Amino acid sequence: HDLAMRGDRRRAQAVFQLGDYCGAFNALRVLERELPRDPEVPLREAMVLKRAGQGELSERAARRARRRRPGWQEAQAFLGELRLERGDPEEALQQFDLCLKKDPSLYLALVGKGRALEELFRRQHPVAIADMVAPMEKAVAQNGSDPLALLVLARMKFAYLKRPQEAEAL
């Protein structure tokens with residue numbers, strides 16, 4: 001039984017990576033029936049729904065995950081990502097800061113905070129460039145293989161810090 005569920009998780013992940021969001025969602029619905037209290041299932045559903053362009057449904061699924069595991073910072077950070085995508089960097093930043101108070105090295109929150117601060121900077125809010133770059137540098141130091149974090153940090157170093165050599169080295 002446990003082995004079958006691990007296989008279902010792997011199948012859902014593989015289908016998701018292929019871009020078959022409907023197939024991934026269906027596989028997760030099977031897991032939801034099998035594991036009705038597992039918070040990871042609705043969070044993965046939220047990720048699939050986000051990729052499929054279903055922001056409201058994605059948020060509902062992420063909130064369901066957080067209710068199943070109160071205080072789960074990954075779910076909180078994902079909610080921040082959804083806020084950022086909806087064009088609300090202030091609310092997103094609040095979500096990321098809440099996460100980072102509990103876990104200062106949470107990768108998703110570091111990347112999200114850097115992106116939220118950059119968006120606020122672009123909107124002419126008083127954001128120090130060093131404050132915007134710091135969480136991205138910390139995130140890249142943790143996981144230097146994530147293309148999104150590398151791209152954002154390179155852009156920041158090139159556009160804001162005027163350090164093209166450092167940007168190119170990333």
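The first residue in the sequence is number 1, and the count goes up from there. No experiment lies behind these values; they were computed from the predicted model shown.
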Colleague: Looking at every non-hydrogen atom in both residues, tell me the closest pair between R64 and P42 and how far apart they are.
Modeller: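 That closest heavy-atom pairing would be NH2-CB, 3.6 Å.
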Colleague: Do you know which two heavy atoms are closest between G112 and L84, and how far apart they sit?
Modeller: O-CD2, 4.2 Å
Colleague: Show the numbers, then the answer: is there a side chain to side chain contact (heavy atoms under 4.5 Å, CB included) between L106 and L110?
Modeller: CA-CA 6 Å; L106 184 64; L110 289 167; 5.9 Å; no
Colleague: Between the side chains of Q95 and E91, does any donor sit under 3.5 Å from an acceptor?
Modeller: yes
Colleague: Go through the steps to decide whether K138 and Y107 satisfy the test side chain to side chain contact (heavy atoms under 4.5 Å, CB included), and finish with yes or no.
Modeller: CA-CA 8 Å; K138 189 172 181 181; Y107 181 78; over 6 Å; no
Colleague: Between V133 and Y160, is a side chain to side chain contact (heavy atoms under 4.5 Å, CB included) present by the stated rule, with each step listed?
Modeller: CA-CA 9 Å; V133 173; Y160 309 125; 5.6 Å; no
Colleague: Any salt bridge linking E119 with R115? Criterion: basic side-chain nitrogen under 4.0 Å from a carboxylate oxygen.
Modeller: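 R115 and E119: not salt-bridged.
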Colleague: May I ask you to say whether D38 pairs ionically with R68, meaning some side-chain N is under 4.0 Å from a carboxylate O?
Modeller: no
Colleague: Check G80 against F96 and note the closest heavy-atom contact, atom names and distance.
Modeller: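 Distance-wise, the nearest heavy atoms are C-CZ, 3.4 Å.
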Colleague: Under 4.5 Å between any side-chain heavy atoms of P135 and V111, yes or no?
Modeller: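 Answer no - side chains too far apart.
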Colleague: Nearest 0.5 angstrom please: E90 CD to L93 CG, how far?
Modeller: 8.5 Å
Colleague: Rounded to the nearest 0.5 Å, how far does OG of S58 lie from CZ of R51?
Modeller: 11.0 Å
Colleague: Indicate the atoms forming the closest heavy-atom contact of A61 with L49, along with that distance.
Modeller: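 That would be CB-CD1, 4.3 Å.
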Colleague: Run the salt-bridge test on E59 and R86 with the 4.0 Å N-O cut-off and return the result as yes or no.
Modeller: yes
Colleague: At their closest point, which heavy atom of D131 faces which heavy atom of L117, and how far apart are they?
Modeller: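 Of all heavy-atom pairs spanning D131 and L117, the closest is O-CD1, 3.4 Å.
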Colleague: Would you compute the distance between atom CE of M47 and atom CD of E40 and round it to the nearest 0.5 angstrom?
Modeller: 9.0 Å
Colleague: Could you check whether atom CZ of R122 has more than 12 heavy atoms from other residues, nucleotides or ligands sitting under 6.0 Å from it?
Modeller: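 Yes - once you tally the heavy atoms of other residues, nucleotides and ligands closer than 6.0 Å, there are more than 12.
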Colleague: Answer yes or no: is there a donor N or O on one side and an acceptor on the other, between the side chain of K113 and the main chain of Q94, under 3.5 Å?
Modeller: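 Pair absent, no side-chain N/O of K113 close to backbone of Q94.
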Colleague: Given the rule in the side chain to side chain donor-acceptor pair (under 3.5 Å) test, do Q76 and R66 qualify, once you have shown the distances and angles that lead to the verdict?
Modeller: CA-CA 7 Å; Q76 188 77 36; R66 204 176 68 194; 3.0 Å; yes
Colleague: In Å and rounded to the nearest 0.5 Å, what is the CZ to CG distance from F158 to L153?
Modeller: 14.0 Å
Colleague: Got a second to check how far L108's CG is from F78's CZ, nearest 0.5 Å?
Modeller: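 Separation between the atoms: 9.5 Å.
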Colleague: Hey, is E118 close enough to R155 for a salt bridge, meaning N to O under 4.0 Å?
Modeller: yes
Colleague: Would a single hydrophobic cluster contain both L150 and M132, if residues Ile, Leu, Val, Met, Phe, Trp and Tyr are joined by side-chain heavy-atom contacts under 4.5 Å?
Modeller: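 Yes; tracing contacts between hydrophobic side chains, which count when under 4.5 Å, links both residues.
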Colleague: Under 4.5 Å between any side-chain heavy atoms of R67 and R63, yes or no?
Modeller: yes
Colleague: Starting at SG of C99, measure out to CD of Q73 and round the result to the nearest 0.5 Å.
Modeller: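 Output value for this atom pair is 4.5 Å.
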Colleague: Determine, stepwise, if the pair L161 / M156 fulfils side chain to side chain contact (heavy atoms under 4.5 Å, CB included).
Modeller: CA-CA 7 Å; L161 295 176; M156 287 177 172; 5.9 Å; no
Colleague: Could you report the tightest heavy-atom contact between G87 and P89, atom names first, then the distance?
Modeller: O-CD, 3.2 Å
